[in-house]
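Chain letters run A, B, ... following the sequence lines, proteins first and then strands; every chain starts at 1. In what follows, every heavy atom counts, from backbone to side chain, and hydrogens, waters and symmetry copies are set aside.
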Protein chains: 2
Amino acid sequence: MTVPPGRRERKKAATRQKIADTALRLFLERGYDAVGIRDVAAEADVAVTTLFSHFASKEALVFEQDDDFEQRLTQAVTDRAPDEPLIPALRREIQSLVRHCTADGATPIWRMIDESPALREYEESMRLRHAESLAKAIAADPDLSQTTTASRTIARFVIDAYSLAREAPDPDAALDEIFRMIEAAWAVTCPSGNFTGTVGQ
Amino acid sequence: MTVPPGRRERKKAATRQKIADTALRLFLERGYDAVGIRDVAAEADVAVTTLFSHFASKEALVFEQDDDFEQRLTQAVTDRAPDEPLIPALRREIQSLVRHCTADGATPIWRMIDESPALREYEESMRLRHAESLAKAIAADPDLSQTTTASRTIARFVIDAYSLAREAPDPDAALDEIFRMIEAAWAVTCPSGNFTGTVGQ
DNA sequence: TCCAAAAAGCTAACGGTTAGTGTTACGGTC
DNA sequence: GACCGTAACACTAACCGTTAGCTTTTTGGA
């Protein structure tokens, strides 16, 4: 990731990428359910066990950038300007992520996800993981003196915003509406009557 | 359910119950992962296919009262007193459900669930289903003129409250805190500056 | 009494996943 | 430059949840 990290790691990354690319291609060509793990492994020219040493499950092949997502969220909290309030920072990040998901190129993938119960379920549990990471980041911020419950609650609400906006007919408008609600929820948790911007519009 | 509904349905219900009881007993005795579907079927003295005609999956054996939960939630919306505000009604119901889950007799079951990734994942997707039912019930209430987005958002928040409170060290206190946030979020969605009770404490 | 249908059963398989066991290729060390 | 420990990969064979296909039993009503 940083510099040439040795041939071994480059080869490993290449293998991983080849598997992910092959899988996504086959899934989109023939449908997620119609493609077996053995098909993916054969087409990527690796053994099934190798595939599973790179990806924990069939579903994980589709959500390859899971970790990026998680990092971006926590960094939106930890790397924000020293005086920037929490919620608008999160809002910017969520908006960017939603736009990324609803971009034209991504629609076939999300259509596939929406059609597969297994993929939907996997995504849901991914979101919960992300919410927990986010909660940890919020709780760790010394500028915000929140209870554990408040941190976890806001984290869930923010992830909900992502999930709801992604599915909404007008994602931007939905995000507006939901974040107005989140602002209000956040405001009542601040011991000192902190303002965080526009609450009631 | 209503009156003696015929022998056939009674027998069917009995079979279902016997399977569920057997499964839960075995799971608690030996651990969820250590018990196979074939074990449950054999112990309940039914065929594997019969088991699957009553329960859609192994995980569903554990969440037998799924439907009750869903009904209680939607009825908390539809059956509330004509002038009772939405959020307190939901709060009462959630509190009752949380207490039910955190009662002494239920702890081994929830410990088992928390320890099994498969069960956690299943519960998460169950919650999403419940949130969607709840959203529908809220959207259908003529006394509340909400947007689709606001209904779905509040529904998610309420389900989050259940999930977070259930895991909190002090569920009642957590529920207080979270519902204060939900009240605030709800308040900003009301076109007419509706009050719904105590917002800022 | 008999029939249609629901419920339950049996067998055999499919597909994701893992354990067990080697084999190869690489990176650091002498 | 040879050497060794280890990480990556491969192969086989199985486990386990789940389903399809088909038969048998039970039940409610004609």
### Query
First and last nucleotide of DNA chain D in contact with chain A, 5' to 3', at under 4.0 Å to a heavy atom: what are they?
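For DNA chain D, the relevant span reads D/dG5 to D/dA14.
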
### Task
State whether a side-chain donor-acceptor pair under 3.5 Å links A/Glu177 with B/Thr147.
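Yes, side-chain donor-acceptor contact under 3.5 Å.
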
### Message
Distance alone, cut at 3.5 Å: any donor-acceptor contact between the side chains of A/Gln71 and A/Asp67?
### Response
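A/Gln71 vs A/Asp67: no donor-acceptor pair found between side chains.
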
## Note on the structure
Protein heavy-atom contacts under 4.0 Å, written 5' to 3' over nucleotides 11-19 of chain C as B (base), S (sugar-phosphate only) or - (none), form the string B-B-SBBBB

#### Entry: B/Asp45 CG to C/dG9 C1', straight-line distance once rounded to whole Å
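Going from B/Asp45 (CG) to C/dG9 (C1'), I get 11 Å.
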
Any carboxylate oxygen within less than 4.0 angstrom of a Lys/Arg side-chain nitrogen, looking at [X] and [Y]?
| X | Y | answer |
| --- | --- | --- |
| B/Arg80 | B/Asp141 | yes |
| A/Arg99 | A/Asp172 | yes |
| B/Glu123 | B/Arg127 | yes |

### Message
Does C/dA8 have its OP1 or OP2 closer than 4.0 Å to a side-chain nitrogen or oxygen of B/His54?
### Response
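Yes.
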
### Query
So how far is it from B/Asp33 CG to B/Met112 CE, rounded to the nearest 0.5 Å?
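If I round to the nearest 0.5 Å, the distance is 10.0 Å.
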
### Task
Could you check A/Asp176 against A/Arg91 for salt bridge (charged side-chain N to carboxylate O under 4.0 Å, His left out), going step by step and ending with a plain yes or no?
CA-CA 9 Å; A/Asp176 271 354; A/Arg91 197 212 135 109; 2.8 Å; yes

### Task
Classify the nucleic acid contact of B/Asp39 as base, sugar-phosphate or nothing, counting any heavy atom under 4.0 Å across all strands shown.
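If one applies the 4.0 Å heavy-atom cut-off, B/Asp39 turns out to touch nothing in the nucleic acid.
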
### Message
Distance to the ring centre below 6.0 angstrom and angle to the axis at most 45 degrees; does that hold for B/Lys58 and B/Tyr122?
### Response
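Ring-cation test returns no.
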
